[in-house]
Novice: 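Before I ask anything, let me first share the structure, which is written out below as structure tokens.
Along the sequence shown, residues are numbered consecutively beginning with 1. Below, each value reflects all heavy atoms present in this structure, side chains not excepted, and no hydrogens, waters or symmetry copies.
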Amino acid sequence: MNTTRTLTRSHPDTATKTGAGGLSTAVTVAAVTVLTSLPVFLPGAANGLISAEYGWSSARMGAVLATYWLASMAGAYVTKHSAVPPAVERALALALTATALGLGCAAAAPAAGLWVSSTLGGFAYGCTQPHTNALLMRRCPPRIRAFAFGLKQAAVPAATLLASLAMPLLAEPAGWRPVFAATAVLCAAATAPLLRRREPSGDQAGQIARQRGTVLHRDTYLLALSCAGFFGAMVGNGLGGFLLLSLTTHGTSLAVAGAVATCGAALNIAVRLGAGWLVGRHPGATGTTLTALFLTGACGTALLTGTGLALTAVGALLAYGGGWGWAGLLHYAIGLPYPGQEQQATAYSQMGVSLGAATGPLVCGALFTVAPGAAWWTLTLAGVAAAGCVLVARRGGW
């Protein structure tokens with residue numbers, strides 16, 4: 001495959017799609033992303049309650065969360081060898097069913113069920129991400145495609161907000177198990193509209209590629225951006241796991257630390273949507289925007305090594321906005337140059353993201369007990385490395 005990238009390339013099967021139809025697909029994909037993300041964010045939000053009830057250490061809970069991302073990597077690996085199914089909605093419904101089963105196990109028998117939930121939920125998430133990336137490429141018209149990717153990835157921090165709100169509002173009066181059980185019911189109920197909606201997958205280009213026996217060529221562009229996803233996910237998930245602990249360790253109250261984290265998550269959603277909107281209007285800005293986001297995040301994590309509240313609050317916002325605001329744009333940039341093979345291409349980026357999502361919290365957990373500043377400097381280096389990977393991809397012919 002020629003490594004020259006034409007990031008404004010459109011697919012023949014999406015040229016006639018309406019904006020309304022594309023937005024409907026994007027909203028459906030975002031909803032599925034929220035629900036399949038909850039098996040990792042609900043345990044994170046209920047970490048204190050679960051650990052207090054069962055006497056679990058933070059290391060054990062960290063391993064439960066890491067299991068989700070490792071299972072996600074396995075799901076993406078399996079998906080890169082398969083074609084987009086004719087009825088993608090059935091595949092998404094199956095993933096939601098697996099997610100519901102895992103959450104139900106966590107509510108019924110937490111000691112083993114939390115591990116089951118992370119495994120099933122993570123695998124379902126990893127499998128669905130390349131599928132939904134391909135859907136957005138093929139059903140959304142070019143003018144809203146980048147925004148659709150931003151909307152899909154904005155669903156991830158939205159899931160963190162939902163999980164963080166559900167615990168104090170619902171777990172206090174009812175307990176954390178009913179929250180898991182209710183979420184399982186919600187995931188199961190969401191399969192019904194998916195099974196009723198059976199649109200063609202728009203896989204004309206993919207069918208042609210399979211008829212020709214085309215194998216996705218793992219060139220510099222694809223591998224470099226997948227590595228960028230690895231380093232970027234280290235930053236985002238390390239931040240999500242240790243920001244509150246870092247702020248409270250330096251004397252900030254839990255309420256103020258929670259407010260900073262909430263503002264950061266809200267900013268993260270806005271950045272993901274804004275980056276998609278910007279690139280939709282100016283496709284040539286994709287590489288520059290990605291580089292700027294990674295470097296902005298690196299500046300933020302560097303500021304988190306300080307001790308003053310004002311400095312660390314600014315650092316948290318920059319880290320959340322830039323260091324975790326790149327996700328939709330990265331998958332969009334990887335999938336666009338591979339018409340008919342978007343699923344296989346974004347499976348590589350998802351494997352990188354999933355591995356980084358598991359690695360970041362584990363590395364931070366090991367370093368934080370020794371020297372909190374070392375954890376943030378490590379994430380700073382990861383952000384710079386992610387920006388460097390984007391530059392390598394651009395030199396490869398972006």
Side-chain angles (χ1 to χ4, degrees), residues 33-54 56-72 99 102-103 105-107 110-111 113-122 124-126 155-172 175-184 187 233-249 254 257-262 264-266 268-269 316 319-320 323-324 327 353-354 356-366 368 375 379:
T33 302
V34 168
L35 293 174
T36 53
S37 298
L38 289 175
V40 70
F41 294 125
L42 279 177
N47 190 344
L49 297 174
I50 295 171
S51 297
E53 183 175 345
Y54 291 97
W56 286 13
S57 66
S58 58
R60 186 169 183 175
M61 278 303 300
V64 169
L65 302 182
T67 297
Y68 175 93
W69 293 112
L70 292 175
S72 172
T99 303
L103 289 168
C105 289
L114 285 166
W115 296 96
V116 174
S117 180
S118 285
T119 303
L120 287 178
Y125 180 86
V156 176
T160 67
L161 286 179
L162 288 175
S164 298
L165 289 173
M167 285 306 151
L169 291 177
L170 302 177
E172 286 290 337
W176 64 269
R177 290 192 193 187
V179 176
F180 278 65
T183 307
C187 289
M234 280 186 64
V235 176
N237 287 271
L239 182 72
F242 290 89
L243 177 62
L244 285 177
L245 180 60
S246 177
L247 291 175
T248 53
T249 299
L254 183 59
V260 171
T262 300
N268 181 241
I269 294 172
Y320 259 109
W324 215 3
V353 168
S354 297
T359 303
L362 290 176
V363 170
C364 286
F368 202 87
L379 294 187

Novice: If you take all heavy atoms of A357 and W69, which pair is closest and at what distance?
Specialist: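 A357 and W69 have their closest heavy atoms at CB-CD2, 3.3 Å.
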Novice: Any sub-3.5 Å donor-acceptor pair from S246's side-chain atoms to L243's backbone N or O?
Specialist: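 Flag not set: sc S246 to bb L243 has no pair under 3.5 Å.
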Novice: Could you tell me how the ring of Y68 sits relative to the ring of Y125: parallel (under 30°), tilted (30 to 60°) or perpendicular (over 60°)?
Specialist: tilted
Novice: Looking just at side-chain N and O atoms, do S354 and S72 make a donor-acceptor pair shorter than 3.5 Å?
Specialist: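 Yes, a side-chain donor-acceptor pair sits under 3.5 Å.
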Novice: Atom CD1 of I50 and atom CG of L114: how far apart are they, to the nearest 0.5 Å?
Specialist: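 Rounded to the nearest 0.5 Å, the CD1-CG separation comes to 5.0 Å.
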Novice: Given 3.5 Å as the limit, does a donor-acceptor pair link the side chain of N268 with the main chain of Y320, or not?
Specialist: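 Checked: pair present.
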Novice: Under 30°, 30 to 60°, or over 60°: which ring-plane class applies to W56 and W115, parallel, tilted or perpendicular?
Specialist: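 The rings of W56 and W115 sit tilted, inter-plane angle from 30° to 60°.
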Novice: Is there a side-chain contact between Y54 and R60 in this structure, where contact means two heavy atoms from C-beta onward sitting under 4.5 Å apart?
Specialist: no
Novice: Any non-hydrogen side-chain atom of P39 less than 4.5 Å from a side-chain atom of L120?
Specialist: no
Novice: Once rounded to the nearest 0.5 Å, what's the spacing between atom OG1 of T33 and atom CG of L38?
Specialist: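 Interatomic distance, T33 OG1 to L38 CG, rounded to 0.5 Å: 11.0 Å.
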Novice: Find the distance between CG (L379) and CZ (F242) and round it off to the nearest 0.5 Å.
Specialist: 9.5 Å
Novice: For V179, is there any backbone N or O sitting under 3.5 Å from a side-chain donor or acceptor partner on T183?
Specialist: yes
